[in-house]
Amino acid sequence: MGGPHTITLIEGDGIGPEVTGAAVEVIGAAGVDIHWEKTLVGAAAMRELGTLLPQAALTSIRKNRVALKGPITTPLGEGYPSINVKLRKDLGLFACVRPVKSIPGLKSLYDDVDLVVIRENTEDLYAGKEHEVVPGVIESLKIITREASLRIAQFAFQYAQRHGRKKISVFHKANIMKLSDGLFLECCEEVASRYPEIEYTELIVDNACALLVTRPQQFDMLLMENLYGDIISDLCAGLVGGIGVVPGANIGDECVVFEAVHGSWPQGAGKNIANPMGLILSAVLMLDQLGEEAAARRIEKALTAVIREGKVLTRDLGGSVSTTEFTREIIGHLD
């Protein structure tokens, strides 16, 4: 076992402190030597420091190169811009990786899903280029560049090689957005030509959604632009139990932020009822990144055992226990 590791910890908003606390406790019980460097981002940072994304947080992540992050609240339609988007842009976290895998014993639509969503993280409609043309008319610009498209395609095919994946499916709408999605497809095809051992397919995104919900087993890896990836990754999570039970990572050339993919659920804050499973699984991805594979497998095995037994589960999983009780049950199953 390696270590000690210094990791930036962003507790987040709402239920964030509770689920990050659970993840930290499980990692500690698994015997991984980590020094957690806590930093504020989001509502807590605004209250204490007067800014949503302090420079100190960015400095910490750049220095440590790895961060574990709880959910951050983003207002709908008004207020400040998404801090999640700004964090990814400022740190150059161009690839969002969402593994989606069925968990034995967890009630869901399917019990044999095993796929990975790779999403370009920096442009598309999320570039934030929008303005009011005249009163009542808003223009939002979709930005697709050759550089970013080639970069995410290369990342996806290299990921497939490293993880033994055999097939990449690109979702697009190039039949309508011929220039923007057309450029994305062109770049993906260029990269795919260098990896003949990996099967490559292209699907129009609306048809692909229908196929995902009817027969997701046909898919292995999914590659797509920012907006499609945001939507499709949550759709895929729904196939295996919801966004509270899947992990996520945002990856750049210099650093990685592992995070819960669910929201901050302000209504549940402080009630000790949140399910920490998503962030614990994100922490498992983090441990793999750190070379702590043995601890990662122990945590996975313990969590799977708790789910399979079905006796000590949080409310969203069909049980009635608290965050604390669920966390202790996982720790109790560590071998």
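For the numbers below, each heavy atom of this structure counts, side chains included, while hydrogens, waters and symmetry mates do not.
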Can you tell me if [X] and [Y] form a side-chain donor-acceptor pair at under 3.5 Å?
{"X": "Thr145", "Y": "Glu123", "result": "yes"}
{"X": "Thr324", "Y": "Asn272", "result": "yes"}
{"X": "Tyr126", "Y": "Asp230", "result": "yes"}

Kindly indicate whether the side chain of [X], heavy atoms from C-beta on, has any atom under 4.5 Å from the side chain of [Y].
{"X": "Ile232", "Y": "Leu212", "result": "yes"}
{"X": "Ile251", "Y": "Phe258", "result": "no"}
{"X": "Asp220", "Y": "Ile168", "result": "no"}
{"X": "Leu93", "Y": "Cys255", "result": "yes"}
{"X": "Val245", "Y": "Leu317", "result": "yes"}
{"X": "Thr122", "Y": "Arg88", "result": "no"}
{"X": "His35", "Y": "Ile7", "result": "no"}
{"X": "Glu202", "Y": "His172", "result": "yes"}

* Asked: Should the ring pair Phe157 and Tyr200 be called parallel, tilted or perpendicular, given that the plane angle runs from 0 to 90° and is split at 30 and 60?
  ->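 Judged by the thresholds at 30° and 60°, the geometry between Phe157 and Tyr200 is tilted.
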Just distance, no hydrogens or angles: give the donor-acceptor pairs under 3.5 Å from side chains in residues 273-282, sequence neighbours left out.
unit_1	atom_1	unit_2	atom_2	d
Asn275	OD1	Met277	N	2.9
Asn275	ND2	Asp316	OD2	3.0
Ser282	OG	Gly248	N	3.1
Ser282	OG	Glu259	O	2.8
Ser282	OG	Gly278	O	3.0

Around atom [atom1] of [X], are there more than 12 heavy atoms of other residues, nucleotides or ligands at under 6.0 Å?
{"X": "Arg151", "atom1": "CZ", "answer": "yes"}
{"X": "Leu179", "atom1": "CG", "answer": "no"}
{"X": "Glu147", "atom1": "CD", "answer": "no"}

Does the pair [X]/[Y] count as a salt bridge with the N-to-O cut at 4.0 Å?
{"X": "Glu300", "Y": "Arg297", "value": "yes"}
{"X": "Glu189", "Y": "Arg194", "value": "no"}
{"X": "Lys166", "Y": "Glu199", "value": "no"}
{"X": "Asp114", "Y": "Arg165", "value": "yes"}
{"X": "Lys142", "Y": "Glu225", "value": "yes"}
{"X": "Arg65", "Y": "Glu254", "value": "yes"}

Run the side-chain donor-acceptor check on residues 127-136: report pairs under 3.5 Å with partners two or more places apart or on a different chain.
unit_1	atom_1	unit_2	atom_2	d
His131	NE2	Glu139	OE1	3.1
Glu132	OE2	Gly136	N	3.3

Tabulate below the donor-acceptor pairs under 3.5 Å that side-chain atoms of residues 51-60 make, not counting sequence neighbours, or state none.
unit_1	atom_1	unit_2	atom_2	d
Thr59	OG1	Gln55	O	3.0
Ser60	OG	Thr8	OG1	2.6
Ser60	OG	Glu37	OE2	2.5
Ser60	OG	Asn64	ND2	3.4

* Single-linkage hydrophobic cluster Ile144~Leu150, side-chain heavy atoms < 4.5 angstrom -> yes
* To do: Identify the heavy atoms of Thr73 and Pro266 that sit nearest to each other, and give their distance.
  => OG1-CG, 4.4 Å
* Is the gap between the ring centers of Phe219 and Phe171 under 6.0 Å? -> yes
